[in-house]
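To start, the structure under review is shown below, and the notes come after it.
Below, chains carry the letters A, B, ... as their sequence lines are ordered, and counting in each starts from 1. Quantities reported herein were computed from a predicted structural model and do not represent experimental measurements.
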Amino acid sequence: MTHASPLELMHAEIDGELNWHQKGELAQLVLADAQARAEREGLRRVCAALDALTAVEPPGDLRSSILAALPQVASPRVRSAAFVPDWRIAAAVAAVLIAGAVVFETGRGPRLTGSEAVGTMAAAEGLTLDTVRLDSGPVQGRVRLYRQGSGLALAFEVRASAPVDALVTGDGATLRVSSLGPRTRVQLPGFDPDTHAVEVSFFVNGHRVGGATLKAGRP
Amino acid sequence: MIGLGQPFACRTVLVTEDDDRALVERCLRGDRSAFEQLVVRYQKPVFNAALRLLHSPEDARDVAQTTFLKAYEHLASYEASFKFYSWLYRIAVNEALDALHARKPSEALDGSEPDQTGGPEQVAEGEQLGRAIESELAQINPDLRAVIVLRHLMHLSYQDMSDILVLPEKTVKSRLYSARQLLRERFQQHGLKT
């Protein structure tokens with residue numbers, strides 16, 4: 001005799017872990033008990049359905065975004081001078097891409113007065129630091145803070161019925177971004193990469209309609 | 001909505017154990033292309049594991065990316081006596097569970113209300129059935145969800161699951177049995193015809 005319960009025998013059967021003696025024991029059990037029979041059948045169906053679930057292809061740019069971010073997190077034994085130029089080139093390319101589209105300001109008030117900054121697609125993305133979902137209010141979607149080169153960057157994926165502007169602040173630095181799109185990436189030049197958090201406020205028609213605090217991972 | 005695609009083929013990683021170790025060694029010697037091969041090899045299972053745990057393609061992407069970056073960062077601490085994919089999946093599962101715990105309470109997925117994206121009445125076969133099952137999976141406790149994902153979607157052994165979850169095999173089995181029972185009850189409760 002085994003010390004396993006009927007349910008344990010059923011699960012073990014699904015996992016192919018029953019010996020011949022246990023198989024006989026389970027067979028006798030389900031033969032004599034309709035409820036056990038139904039239980040066994042139900043479990044088998046659930047497991048078969050789970051086993052039949054199919055995998056999806058990862059995003060096409062996942063690999064490139066991972067590889068582009070690698071030099072920013074050098075492995076202790078992998079750290080080598082060979083990676084430094086790549087990292088610097090990536091940072092420089094990202095900065096050039098962003099510079100033409102983003103206007104950086106410091107020391108200005110939180111009120112938006114115009115479209116001083118326009119979000120754009122940044123170069124390959126780095127390590128994600130925090131993500132906040134926007135699931136209430138007129139602005140929906142999410143905003144993500146990540147490392148880009150030696151600095152920080154934000155990825156906006158927002159939807160709204162009217163044009164949305166954003167005001168980003170952190171440790172005295174301020175950045176205004178106008179007309180956020182469904183996939184807007186902006187670098188945060190001048191923001192301390194060691195800052196503990198970045199505040200984002202959303203504006204529609206000049207009125208603040210929501211906000212988010214993204215942690216940069218530093219205490 | 002989580003789409004459906006190719007069947008899981010995670011069993012194939014079992015034959016690449018030695019290859020993995022060689023790639024890790026090359027990577028530690030500074031061969032970046034070796035890590036790229038590891039990314040190519042494992043991005044799909046890592047992404048899918050995160051997807052089934054988080055039920056959000058965007059969050060799964062973030063977790064997959066963070067997983068590989070952390071793996072790269074800590075590659076020197078990887079012990080070759082363990083399977084590389086177990087080590088990698090452990091990072092992925094932990095990252096996904098951390099992401100789940102970081103979600104706001106309103107987004108917690110341990111409630112009793114089913115996702116209405118595929119109600120029982122509409123559930124028939126194929127994709128709809130798959131989506132309905134995924135929706136039910138997304139409603140159960142993350143710890144139980146993790147064992148289902150590792151066992152039924154990634155087809156890992158109890159030993160591998162034990163390594164990944166850092167739990168005794170007995171506990172892994174117990175959780176798996178509980179998770180199956182719970183899913184069976186939820187399937188019945190919501191009229192899911194499997």
Side-chain angles (χ1 to χ4, degrees), chain A residues 5 7-8 10-12 14-15 17 39 42-59 61-67 69-83 86 125-133 135-136 141-142 144 146-147 155 157 215, chain B residues 2-10 27-30 32 35-36 39-40 43-48 51-52 57-62 64-66 68-70 72-76 99 103-104 106-107 129-130 133-134 137 148 151-153 155 158 173 176-177 180-181 183-184 187-188 192 194:
Chain A
S5 71
L7 266 178
E8 285 175 327
M10 291 174 198
H11 285 286
I14 289 166
D15 293 327
E17 293 201 329
E39 184 76 27
L43 279 174
R44 278 178 160 181
R45 285 185 173 186
V46 166
C47 293
L50 289 168
D51 287 336
L53 284 177
T54 52
V56 298
E57 288 298 326
D61 62 345
L62 178 61
R63 177 176 69 166
S64 59
S65 66
I66 292 168
L67 296 175
L70 286 186
Q72 301 167 36
V73 286
S75 169
R77 283 172 60 188
V78 178
R79 193 192 309 275
S80 71
F83 283 160
D86 289 348
E125 296 173 12
L127 179 67
T128 295
L129 300 172
D130 195 13
T131 302
V132 172
R133 286 169 174 269
D135 55 3
S136 62
R142 67 174 191 157
R144 184 160 56 90
Y146 61 98
R147 294 211 177 278
E157 293 175 20
K215 295 175 183 171
Chain B
I2 297 173
L4 300 174
Q6 298 300 310
F8 270 88
C10 299
C27 189
L28 289 172
R29 288 197 298 267
R32 190 181 170 188
F35 193 79
E36 182 172 2
V39 172
V40 169
Q43 63 170 344
K44 187 171 180 177
V46 165
F47 174 77
N48 275 275
L51 183 64
R52 267 52 196 245
E58 294 82 11
D59 291 348
R61 177 203 164 93
D62 290 347
Q65 184 168 333
T66 304
F68 281 105
L69 295 180
K70 283 196 172 178
Y72 184 80
E73 189 176 15
H74 299 289
L75 204 55
R103 281 178 176 171
K104 290 183 293 186
S106 62
E107 294 177 290
L129 177 61
I133 292 169
E134 285 172 350
L137 188 58
I148 290 288
R151 181 66 179 179
H152 288 286
L153 286 83
H155 306 289
Y158 284 129
K173 280 188 185 181
L176 181 64
Y177 293 0
R180 285 170 174 167
Q181 289 294 127
L183 281 174
R184 191 196 163 214
F187 284 13
Q188 280 186 327
L192 201 60
T194 53

Problem - Top contributor to chain B contacts, counting heavy-atom pairs under 4.5 Å, from A/Ile14, A/Leu62, A/Thr131 - result: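 Heavy-atom pair counts peak at A/Leu62.
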Problem - Residue selection (most heavy-atom pairs with chain B, distance under 4.5 Å) from A/Pro58, A/Ala48, A/Pro59, A/Ala12 - result: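 Heavy-atom pair counts peak at A/Pro58.
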Practice task
Give the minimum heavy-atom separation between B/Phe187 and A/Val46, together with the two atoms involved.
Solution key: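 Heavy-atom minimum between the residues: CD2-CG2, 3.6 Å.
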Handout entry: Minimum heavy-atom distance between B/Pro57 and B/Phe47, given as atom pair plus value
Key =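 Looking at all heavy atoms of both residues, the shortest contact is O-CE1, 3.8 Å.
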So for [X], is it side chain, backbone, both, or neither that comes closer than 4.5 Å to the heavy atoms of chain B?
X: A/Asp130; value: neither
X: A/Ala52; value: neither
X: A/Glu17; value: side chain

Handout entry: Side chain B/Arg52, main chain B/Leu137, donor-acceptor under 3.5 Å
Key =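 Looks like no, no N/O pair under 3.5 Å.
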Exercise for the section: Side chain from CB out, backbone as N, CA, C, O: work out which of these in B/Glu58 comes under 4.5 Å of a heavy atom of chain A, or both, or neither. Expected result: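 Both parts, heavy atoms under 4.5 Å.
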Exercise for the section: Salt-bridge test for B/Lys173 and A/Glu8: reply yes if a basic N is under 4.0 Å from a carboxylate O, no otherwise. Expected result: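 Looking at B/Lys173 and A/Glu8, the cut-off is not met.
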Exercise for the section: Report the distance from atom CD1 of B/Ile133 to atom CD1 of B/Ile148, rounding to the nearest 0.5 Å. Expected result: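 It comes to 11.0 Å.
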